[in-house]
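Report on one structure; see the data block that follows.
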Amino acid sequence: MKKMLNTLFIESPKSSLRMEGESIVLRLANGEKKKLPTLNIDSLVIRGSVYVSSRVLAYCAKHGILVSYFSVNDRMLFKIDRSLAGSNVLLRRAQHEATKAENALPVAKSIVMGKILNQHHELQRYKREYAKEDRRLIEDISKLKHQLRYVELAKDLDELRGYEGVTSSLYFKYFNDRIRKHKREFFMKGRNRRPPMDRVNALLSYGYQVLYHDMIGLVESVGLDPAMGFLHRDRPGRMSLALDMMEEFRSLVIDRLVIRLINLGQITPEDFDISASGSVRIKDKARRIFLEGYVDQKRESYFHFYTGEKLKLPHLWHVQGQLLARYLRGNIEGYPAFVVR
């Protein structure tokens, strides 16, 4: 059990939650009991085999406490929405207003700045470990960070996306250099997808899709509409806010995982089918290896500047969702993107 930003995270296996007066009582598998006063609890995040009594669920629904239930693999199974208490509609209205093109720039800027700083962090890691004397890389790392100034001064979303495109080009310029095994087969010919035309793009696209689904669960779990984004604009069938929330984590989670799986030889050139047209498909066995690696990756902890704690990725993602919701409710001045340290 962990409490962050008025959210209780319950993930002890075979534990149970019951009501006792105005408190929720957590009973662990070893019989230990903890009394959790409901005062100042905004939401419950429950993972895995936790029994929750109907009285707890009814109490949460009545008092507007959001309950999000995840599987052990962090797939969102269901939620009890605080809209029953009438408060979620206010958050949705605030989100609708804030995501209008004329209002979306501050959050979009924060997201892009977080993305650039995390890409910068990844290239710095690579330089420290393998390319300390590479002058070309050193200059490009400096250029990448310099883009932050332009992002800060961007006057509209189109200009902001232009700077984001420049930094992505600088970042991906070194992706092939970071791959050290089967370099001829794992060679990225620029970013391409639908369908991917090389093995690296196939892995990246698959990974981004997996992360995208986790982000949909994340934004829904904090009561936000995943379709209304800031940086990504509305489009039928597209979960634009989930795409926004991914940006801070693409390089840290998926890019890092793809490089690790290739460099450790866990995924090899034989793990792909290549069609006559050149499109590349990941074989089922490699998909399983990728997902196992992704689950491991989610167990890694990162220091979060806002809570002052090291958090595993699912917790960290949830905190980011809560911070965005707090910004939309007017409780904090801006949305602080996650930046690794």
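- For Arg180, the side chain to side chain donor-acceptor pair (under 3.5 Å) test picks out Tyr130, with sequence neighbours left out.
- A heavy-atom distance below 4.5 Å is found between the side chains of Ser168 and Gln119.
- Counting only residues at least two apart or on different chains, the salt bridge (charged side-chain N to carboxylate O under 4.0 Å, His left out) pairs with a member in residues 96-117 are Glu97-Lys100, Lys115-Glu164, Lys115-Glu247.
- Between Arg136 and Asp177, at least one side-chain N (NZ, or NE/NH1/NH2) sits under 4.0 Å from a carboxylate O, which counts as a salt bridge.
- At least one side-chain heavy atom of Phe230 sits less than 4.5 Å from a side-chain heavy atom of Leu324.
- The side-chain tip of Arg287 does not point at the ring of Phe290 from less than 6.0 angstrom away and within 45° of straight on.
- At most 12 non-hydrogen atoms from other residues, nucleotides or ligands lie less than 6.0 angstrom from CZ of Arg93.
- Here Glu139 pairs with nothing under the salt bridge (charged side-chain N to carboxylate O under 4.0 Å, His left out) rule; sequence neighbours left out.
- Classified by interplanar angle (parallel below 30°, tilted 30° to 60°, perpendicular above 60°), the ring pair Tyr163/Tyr150 is parallel.
- The existence of a salt bridge linking Asp214 and Lys298 is confirmed by a sub-4.0 Å separation between a basic side-chain nitrogen and an acidic carboxylate oxygen.
- Qualifying side-chain contact (heavy atoms from CB on, under 4.5 Å) partners for Ala131, counting only residues two or more places apart in sequence or in other chains: Tyr126, Asp134, Leu137.
- Side-chain contact between Ile267 and Phe272 is present, with at least one heavy-atom pair separated by less than 4.5 Å.
- Residues Gly229 and Ser240 come closest through the heavy atom pair N-CB, 3.6 Å.
- Put simply, the side chain of Ile262 reaches to within 4.5 Å of the side chain of Leu203, judged on heavy atoms.
- Ile138 and Leu117 fall into different hydrophobic clusters, where Ile, Leu, Val, Met, Phe, Trp and Tyr side chains are chained together by heavy-atom contacts under 4.5 Å.
- Shown here for Leu157 and Ala101, the closest heavy-atom pair between the two residues is CD1-O, 4.1 Å.
- Taken together through direct or relayed side-chain contacts under 4.5 Å among Ile, Leu, Val, Met, Phe, Trp and Tyr, Val253 and Tyr208 form part of one hydrophobic cluster.
- The aromatic rings of Phe249 and Trp317 stand perpendicular to each other, their planes meeting at an angle above 60°, with 30° marking the opposite boundary.
- In this structure, Arg341 contributes its side chain and Phe305 its backbone to no donor-acceptor pair below 3.5 Å.
- Residue pairs that meet the side-chain hydrogen bond (donor to acceptor under 3.5 Å, both in side chains) test with at least one member in residues 21-31, sequence neighbours left out, are Glu22-Tyr59.
- Side-chain atoms of Asn118 never come within 3.5 Å of backbone atoms of Arg250 as a donor-acceptor pair (strictly under, hydrogens ignored).
- Linking Ile, Leu, Val, Met, Phe, Trp and Tyr whenever their side-chain heavy atoms come within less than 4.5 Å leaves Met245 and Met228 in two separate clusters.
- For the pair Asp244 (side chain) and Ala108 (backbone), a donor-acceptor distance under 3.5 Å is absent.
- Heavy-atom neighbours of Lys283 NZ from other residues, nucleotides or ligands within 6.0 Å: above the threshold of 12.
- The local environment of NZ in Lys183 is crowded, with over 12 non-hydrogen atoms from other residues, nucleotides or ligands closer than 6.0 Å.
- With sequence neighbours excluded, no residue forms a ring pair (Phe, Tyr, Trp, His ring centres under 6.0 Å) with His120.
- No donor-acceptor pair under 3.5 Å is formed between the side chain of Asn201 and the backbone N or O of Pro196.
- No side-chain heavy atom of Val339 sits less than 4.5 Å from a side-chain heavy atom of Met113.
- Counting only heavy atoms from C-beta outward, the side chains of Tyr335 and Leu328 never approach each other to under 4.5 Å.
- By the side-chain contact (heavy atoms from CB on, under 4.5 Å) test, Asp156 pairs with Asp158, Glu159, sequence neighbours left out.
- A salt bridge links Glu122 to Arg256: at least one charged side-chain nitrogen sits closer than 4.0 Å to a carboxylate oxygen.
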Acceptor/donor pairs from residues 140-147 side chains to any protein atom, 3.5 angstrom cut, sequence neighbours excluded:
from, atom 1, to, atom 2, distance (Å)
Asp140, OD2, Lys173, NZ, 2.7
Asp140, OD2, Tyr174, OH, 2.5

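- Judged as a side-chain contact (heavy atoms from CB on, under 4.5 Å), and not counting sequence neighbours, the contacts of Arg55 are Met19, Ser53.
- Looking at residues two or more places apart in sequence or on another chain, you find a side-chain contact (heavy atoms from CB on, under 4.5 Å) between Ala325 and Leu91, Arg329.
- No side-chain heavy atom of Ser221 sits under 4.5 Å from any side-chain heavy atom of Val45.
- Partners of Arg18 under the salt bridge (charged side-chain N to carboxylate O under 4.0 Å, His left out) rule, at least two apart in sequence or in another chain, do not exist in this structure.
- Judged as a salt bridge (charged side-chain N to carboxylate O under 4.0 Å, His left out), and not counting sequence neighbours, Asp234 has no contacts.
- By the 4.5 Å heavy-atom criterion applied to side chains, Lys127 and Leu123 are not counted as neighbours.
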